[in-house]
Amino acid sequence: MSFKGWGHLEEAPPDPILGLSQAFAADDHPKKINLGVGAYRDDQGKPYILNCVKTAAERTYTQNHEYAGIAGVPALTKVAAELAFGAETGALRVAGEFLARFQKGTPIYLPAPTWANHIPLFKDSGLEVRDYKYYNPNNCGLDFAGMVNDIKEAPAGSIILYHACAHNPTGVDPTQEQWEELSQLTKDKKHFALFDMAYQGFASGDCERDAFSLRTFAEQGNKIALCQSFAKNFGLYGQRVGAVTFVGDSEKEAKVIRSQMNTLVRPMYSNPPIFGARVVAEILEDPALKEQWLGEVKEMSGRIIRMRKSLVSGLAEAGSKQNWDHITNQIGMFCFTGLTPAQVDTLRESYHIYMTRNGRVSVAGITSDNVGYLAKAIYEVTD
């Protein structure tokens with residue numbers, strides 16, 4: 001077979017999130033609202049740089065800019081694990097490649113729906129992707145019975161992906177009692193639990209509470225791996241900071257896993273970037289900066305919670321008789337509103353409000369100034 005040029009290629013469809021941002025940027029309506037992008041905004045709708053990040057960045061910028069080792073900045077991997085497990089997106093791809101290489105033929109089950117990039121990410125890693133029931137559109141909540149049944153029916157020893165907290169895109173999380181039941185079920189079925197944790201602290205404002213699912217699975221002796229992102233909870237979106245942690249049964253097993261991870265990473269990207277990793281490590285290693293970060297992430301999550309309540313109040317004030325409790329019952333940056341694709345299209349075309357067609361909104365895009373306009377528009381398309 002020889003090289004045949006590029007004439008056989010077709011243009012790929014635009015990314016739905018980036019396409020929304022481009023359309024929003026081109027819109028000159030004074031009341032336009034962008035609820036598509038999953039990035040935190042302050043109450044003026046502006047990007048927010050955490051004060052602790054500013055301090056840590058100033059401290060670390062003058063350090064050398066040599067390559068990190070294959071495993072990255074050692075200080076980050078240590079404090080990242082401690083933050084998640086307790087005192088003693090690159091990550092997802094690495095975990096996927098590792099599982100595909102060393103657990104050949106084992107399917108991975110993803111919640112339906114899940115973060116859109118999970119599906120191509122794990123498929124491209126070489127894993128067989130299946131799904132399990134998660135969201136119940138009838139009540140905009142969790143289909144726990146369906147979830148349990150699908151995980152129970154999955155072949156023993158399957159890989160189950162769990163969102164540790166603040167499920168993306170629905171904002172629907174299991175209760176602590178349900179997590180305990182899922183942990184026991186996962187252990188009974190000898191499944192491997194892969195946790196995606198992108199919102200620790202950002203979900204509820206409490207890092208300990210947001211780690212409940214992961215710690216429960218670890219304490220009950222499940223086989224687990226953790227993929228962390230520090231984009232949302234540190235506001236370091238463009239730095240691509242994260243960590244992947246596999247839990248071994250012994251020091252010897254952990255050493256073997258680490259060596260194979262290094263072998264896998266070397267031809268993929270060789271060395272991860274260091275600046276954002278050093279910033280996060282500096283914050284989590286310094287007690288004063290960590291305390292400041294905990295306060296700032298609580299304030300960010302608190303603003304999200306306040307906007308949820310304001311939207312529900314605004315809908316009632318606009319005259320809506322529908323039950324919108326799911327908006328405040330859900331948690332984290334995203335909310336599955338229950339709006340239909342047709343209603344979403346009307347909001348965009350007639351009101352200049354941008355969101356994905358499945359009705360998911362980034363609550364971070366709601367502010368004190370635009371929540372009334374948004375509530376009135378939603379009422380008018382759903383009335």
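Heavy atoms only: backbone and side chains are in, while hydrogens, waters and symmetry mates are out. For the single chain, residues carry numbers from 1 onward in sequence order.
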Is a side-chain donor or acceptor of [X] paired with a backbone partner of [Y] at a separation under 3.5 angstrom?
{"X": "His8", "Y": "Lys4", "answer": "no"}
{"X": "Thr337", "Y": "Gly359", "answer": "yes"}
{"X": "Asn271", "Y": "Gly72", "answer": "no"}
{"X": "Arg258", "Y": "Phe246", "answer": "no"}
{"X": "Glu285", "Y": "Val79", "answer": "no"}

Quiz item: Has Gln322 got more than 12 heavy atoms of other residues, nucleotides or ligands less than 6.0 Å from its CD?
Solution: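 Above 12, so yes.
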Quiz item: More than 12 heavy atoms of other residues, nucleotides or ligands under 6.0 Å from NZ of Lys54: is that the case?
Solution: yes
Quiz item: Mind checking whether Trp179 and Tyr162 have parallel, tilted or perpendicular rings, split at 30° and 60°?
Solution: perpendicular
Quiz prompt | Cationic tip of Lys32 above Tyr354 ring, under 6.0 Å, 45° of axis | solution = no
Quiz item: In terms of hydrophobic clustering (I, L, V, M, F, W, Y; side-chain heavy atoms under 4.5 Å; direct or indirect links), are Val381 and Val344 co-clustered?
Solution: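 Yes, same cluster.
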Exercise. Treating Ile, Leu, Val, Met, Phe, Trp and Tyr as nodes and any side-chain heavy-atom pair under 4.5 angstrom as an edge, say whether Trp324 and Ile305 lie in one connected cluster.
Key: no
Quiz prompt | Heavy-atom closest contact (Arg240 atom, Pro273 atom, distance) | solution = O-CG, 4.4 Å
Quiz item: Nearest heavy-atom pair of Gln200 and Asn233: which atoms, and what distance?
Solution: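 Of all heavy-atom pairs spanning Gln200 and Asn233, the closest is O-ND2, 2.9 Å.
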Exercise. Might you work through the salt bridge (charged side-chain N to carboxylate O under 4.0 Å, His left out) test for Asp249 and Lys223, ending with a clear yes or no?
Key: CA-CA 9 Å; Asp249 288 335; Lys223 304 289 187 182; 2.4 Å; yes
Quiz item: So, Tyr134 versus His167, ring centres under 6.0 angstrom or not?
Solution: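 Close enough - the centres of the two rings lie under 6.0 Å apart.
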Quiz item: Quick one: does Val53's side chain get under 4.5 Å of Glu296's, heavy atoms only?
Solution: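 No, side chains not in contact.
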